[in-house]
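Quick caveat: nothing in here was measured; it's all calculated off a predicted structure. Chain letters run A, B, ... following the sequence lines, proteins first and then strands; every chain starts at 1. All values below were derived from every heavy atom in this structure, side-chain atoms included, with hydrogens, water molecules and symmetry-related copies excluded.
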Amino acid sequence: MSPDSRATLRGVVERVTFHTEETGYCILKVRPEKGGGGELVTVLGNTPRVVPGEEIEARGAWVQNAEYGRQFKAEHMKLARPKSLDGLVHYLGSGLIEGIGSKYAKRIVDKFGTEVFDIIENTSARLQEVEGIGKKRRTEIRDSWMKQKAVHSIMVFLHEQGISTSRALRIYKTYGEEAVQVLQQNPYRLAADIHGVGFKTADSIAAQMGMAKDAPPRIRAGILYALDEASGSGHTCLPRPLLLENAAKMLDAALELVELQLEGLLAAAEVVQEHIGGEERVFLATLHHAEKRVAMRLRTLLERPATHPPMDEDKAIAWCQQKTGLALAESQQRAVKEALRQRMLIITGGPGVGKTTIVNTVLTILRAKKVRTVLAAPTGRAAQRLGESTGLEARTLHRLLEYQGEGVWGRNQNKRLDGDLFVIDECSMVDTQLMSRLLDALPEEAHLLLVGDADQLPSVGAGAVLHDCISSDVVPVVKLTEIFRQAAQSRIITAAHSINHGLMPDLKPSAEADFFFLERNSGEEIQQTIVQLMKERLPARYGFDPAKDIQVLCPMNRQLLGTRAFNEVLQDALNAGHEMQFEVERFGIKYRAGDKVIQTRNNYDKGVFNGDIGHIRTVESEPVKITVAFDDLLVEYEPGELDELQLAYAITIHKSQGSEFPCVIIPLAMAQFIMLERSLIYTAVTRGRRLVIVVGEQKALGTAVRNGEGRRRYTGLRERLGKG
DNA sequence: GGTCGGCC
């Protein structure tokens with residue numbers, strides 16, 4: 001809204017056409033104070049409570065609605081008690097006050113006039129002077145009125161602090177009549193209690209309320225915020241000196257002051273400090289609890305020998321190979337035996353090392369021995385793949401643990417899961433809190449098989465569970481390196497290995513190679529080269545279908561080399577559309593038949609999962625309907641469901657985790673500096689089965705490859721598992 | 001130099 005379109009409207013609320021307490025949204029008919037020929041105008045806005053007869057002062061702008069004509073859209077509205085007698089009758093008789101209808105409203109106003117509020121509040125006994133009002137009704141009127149007044153004064157107070165109506169409503173709903181008190185005592189409680197209010201908002205409210213920069217509640221909130229921020233980038237804790245430094249900088253406060261308040265938080269058990277790995281580390285209480293639970297449960301598991309049915313392992317493996325027709329290599333057989341012997345085992349390794357074959361063999365053998373198996377994975381897509389590759393039911397961890405939203409888990413230490421062997425795939429994506437939920441719900445006698453690639457991108461949430469378990473040296477691990485899927489001389493594989501060791505991969509061009517680096521030193525050149533590769537060079541040379549076989553993987557969404565820009569140019573280049581073709585536009589993105597799309601959240605009704613890639617088969621009009629083919633599965637989308645889809649000519653490397661493609665193209669430049677990290681490049685390169693091409697700046701590739709430990713996550717799990 | 005991502 002431009003500043004000159006702002007306007008102020010004053011008048012009397014004649015009618016409340018619509019009002020919902022849920023959001024406070026309202027549509028009012030207002031008689032303006034002056035001018036306008038006394039004609040009613042429509043006002044749209046937000047307020048917790050509005051009563052006909054009230055005087056309104058609204059700030060906002062006039063807008064034109066196609067259906068309803070000119071309306072006043074209020075950003076802010078202030079309502080006040082009516083002053084005129086007519087208004088008073090209207091107001092009191094609106095149902096606002098229990099015990100007063102339109103009849104009594106008239107009688108009361110006739111009797112007391114504008115002093116009516118004073119009478120109700122201070123000398124309510126006088127209400128009994130009105131015919132028909134006894135003691136009971138008089139008390140009812142007074143109580144009801146005082147409650148209304150409290151709500152009103154809270155809203156006025158919040159508005160005075162510069163808090164918007166919708167936020168004020170949420171605050172009022174959370175704290176009720178104590179809202180003002182809560183805010184005056186500690187506005188930082190808002191950050192903890194109100195969704196959508198963070199430290200920064202609370203801090204600016206506190207500043208407006210006149211709270212000093214070095215006030216203890218402010219410093220404490222800042223420390224908690226610094227830890228919360230850290231958990232957002234994957235740390236379950238921070239070394240004490242780093243935490244103090246971060247918090248002091250953000251709060252613009254003295255280090256000693258921060259240190260003092262940290263002691264207060266420790267005493268209040270809101271944070272926990274522990275001496276780990278030769279230094280003091282500070283945790284948020286919740287993460288500390290989760291990490292300790294993980295360590296404790298894992299150590300209990302590890303103390304017990306496996307209790308699988310006794311068997312001759314070699315015979316069992318031979319039987320299984322015969323049954324399935326799959327021949328196991330020596331390294332795979334060793335992994336299977338370990339899994340049969342251990343209470344808990346981690347199987348880790350990159351793509352193509354045969355993790356799936358090992359899991360299948362273990363499952364086949366143990367199921368033949370009547371062992372009850374349970375399969376799960378952290379993402380819907382990974383669960384679906386696990387289910388397909390084993391032919392058994394596999395669920396997301398959230399579904400397995402019967403997650404009900406809002407922190408409620410149906411399965412926990414009081415209601416444990418059923419099963420003898422739990423197989424969790426794609427464990428690199430499991431964070432500390434989810435792992436602690438799983439271990440809590442695991443039966444005492446359960447066996448646990450964790451499968452994943454520790455070199456891939458770390459979990460979204462805080463922690464590095466798989467990493468920490470492996471490096472603790474106390475959890476049995478089978479690390480697979482022998483490649484079965486690709487040819488051993490594959491440059492993709494050797495490049496992936498180099499990257500993992502922090503070395504620049506071999507970039508010398510060779511006609512036989514399946515890994516290429518094309519040096520381009522400007523964003524425009526990189527983009528042009530990739531479009532050309534996809535449209536002309538790769539289909540001509542290798543016979544790839546651009547939309548089906550080739551996947552562009554970007555480090556970022558934004559910028560010239562991000563997914564958004566690539567999707568736009570690649571859609572233009574590969575599927576330009578024509579005049580006769582019906583297309584649907586949504587949020588600036590056009591969807592046409594032939595487009596490559598990706599599903600962005602799990603949809604169990606449709607049977608598609610976050611990360612599934614498909615192609616638009618048809619786009620129909622009247623009614624608008626888009627049909628997408630995911631392999632053999634045809635899925636229909638209504639216009640309102642299109643937010644579940646995005647164009648997928650280019651996707652982020654993060655989103656590609658867990659998928660593979662015949663050909664992968666990776667744009668890489670220093671402009672993506674912030675993202676350049678070893679695990680990112682490793683993940684991208686290992687997505688390609690037959691051909692991987694990196695296009696961009698050699699310096700960017702070098703930066704990424706070297707940046708391995710730079711982004712280490714602060715956790716305490718490794719040490720907890722190790723000793724002490 | 002300023003970012004990505006899961007689940008219900």
Side-chain angles (χ1 to χ4, degrees), chain A residues 195 229-235 290 376-386 394-412 424-438 441 452-453 456-466 522-523 553-566 598-605 608-612 644 646 650-659 666-684 687 696-697 699-700 702-704 707 710-711 713:
Chain A
H195 185 76
E229 284 272 282
S231 82
S233 30
H235 310 293
T379 70
R381 195 175 148 70
Q384 193 199 22
R385 267 201 325 269
L386 179 62
R395 283 168 283 183
T396 64
L397 283 164
H398 284 80
R399 292 222 147 188
L400 177 70
L401 297 166
E402 295 168 22
Y403 184 60
Q404 282 144 33
E406 295 175 1
V408 181
W409 301 75
R411 295 290 180 160
N412 49 52
I424 315 298
D425 200 5
E426 295 285 4
C427 275
S428 60
M429 299 192 221
V430 181
D431 63 40
T432 301
Q433 306 228 51
L434 186 56
M435 186 55 93
S436 98
R437 295 288 175 194
L438 169 68
D453 183 353
Q456 281 196 44
L457 295 162
S459 59
V460 170
V465 179
L466 188 59
S522 80
L553 298 181
C554 305
M556 295 187 182
N557 284 314
R558 290 184 231 179
Q559 297 185 2
L560 182 64
L561 298 179
T563 59
R564 280 176 220 160
F566 267 114
I598 183 168
Q599 172 79 18
T600 56
R601 56 173 179 260
N602 295 344
N603 188 325
Y604 291 88
D605 293 335
V608 286
F609 299 92
N610 192 351
D612 284 350
E644 293 187 16
Q646 272 171 21
I651 62 173
T652 60
I653 297 168
H654 278 84
K655 271 234 171 286
S656 77
Q657 175 137 270
S659 303
I666 306 157
L668 218 54
M670 288 309 281
Q672 306 151 338
F673 179 82
I674 190 80
M675 297 301 295
L676 299 179
E677 199 188 338
R678 190 180 299 167
S679 60
L680 190 83
I681 302 304
Y682 170 82
T683 302
R687 298 308 97 200
E697 302 165 15
K699 187 180 170 201
T703 304
N707 183 10
R711 242 21 97 96
R713 292 187 168 198

Between A/R399 and B/dC7, is there a side-chain N or O to OP1/OP2 distance below 4.0 Å? no

Closest to the A/M556 side chain: B/dC8, B/dC4, B/dG6? B/dC4

If you look at every strand shown and take non-hydrogen atoms under 4.0 Å, does A/F609 touch a base, only sugar-phosphate, or nothing? nothing

Is A/T600 reaching over with its side chain to a backbone N or O of A/E644, donor-acceptor style, under 3.5 angstrom? yes

Under a 3.5 Å distance rule, please check whether A/R381 uses its side chain to pair with a backbone N or O of A/N610 as donor and acceptor. no

What residue among A/L466, A/I424, A/V430 forms side-chain contact (heavy atoms from CB on, under 4.5 Å) with A/M435? A/V430

Tell me what A/G461 touches on the nucleic acid: a base, only sugar-phosphate, or nothing, going by heavy atoms under 4.0 Å. nothing

Using whole Å, report how far CD1 of A/I681 lies from P of B/dC4. 15 Å

Rounded interatomic separation in angstrom, taking CD from A/Q672 and C1' from B/dG2: 13 Å

What nucleotide, of B/dG2, B/dG6, B/dG1, holds the atom closest to the side chain of A/I674? B/dG2

Length of the line joining A/D425:CG and B/dG6:C1', which is rounded to integer Å: 15 Å

Would you mind telling me which residue lines up with the more 5' stretch of DNA chain B, A/E406 or A/H654, judged by nearest nucleotide? A/H654

Which listed nucleotide (B/dC8, B/dT3, B/dC7) is nearest to the side chain of A/M675? B/dT3

Measure from the side chain of A/M670, starting at C-beta and using heavy atoms only, and say which of B/dG1, B/dG5, B/dG6 lies closest. B/dG1

From CG of A/L561 across to C1' of B/dT3 the rounded distance in Å is 15 Å

Could you check whether the side chain of A/H398 and the base of B/dC7 have a donor-acceptor pair of N or O atoms closer than 3.5 Å, going by distance alone? yes

Contact class for A/R558 vs. all strands (heavy atom < 4.0 Å): base, sugar-phosphate, or nothing? sugar-phosphate

To the nearest angstrom, how far is A/L386 atom CG from B/dG6 atom C1'? 17 Å

Are any of A/N557's side-chain N or O atoms less than 4.0 Å away from OP1 or OP2 of B/dC4? yes

To the nearest Å, how far apart are A/I653 CD1 and B/dC4 P? 12 Å

Take the angle between the ring planes of A/Y604 and A/F609 and call it parallel below 30°, perpendicular above 60°, tilted in between. perpendicular

If you check every side-chain atom of A/T396, which of B/dC4, B/dG6, B/dC8 has the closest atom? B/dC8

Separation of B/dC7 atom C1' from A/L438 atom CG, nearest Å, is 14 Å

For A/E402 and B/dC7, what is the distance between atoms CD and P respectively, to the nearest whole Å? 18 Å

If only atom types and distance count, is the side chain of A/R385 paired as donor or acceptor with the main-chain N or O of A/G658 below 3.5 Å? yes

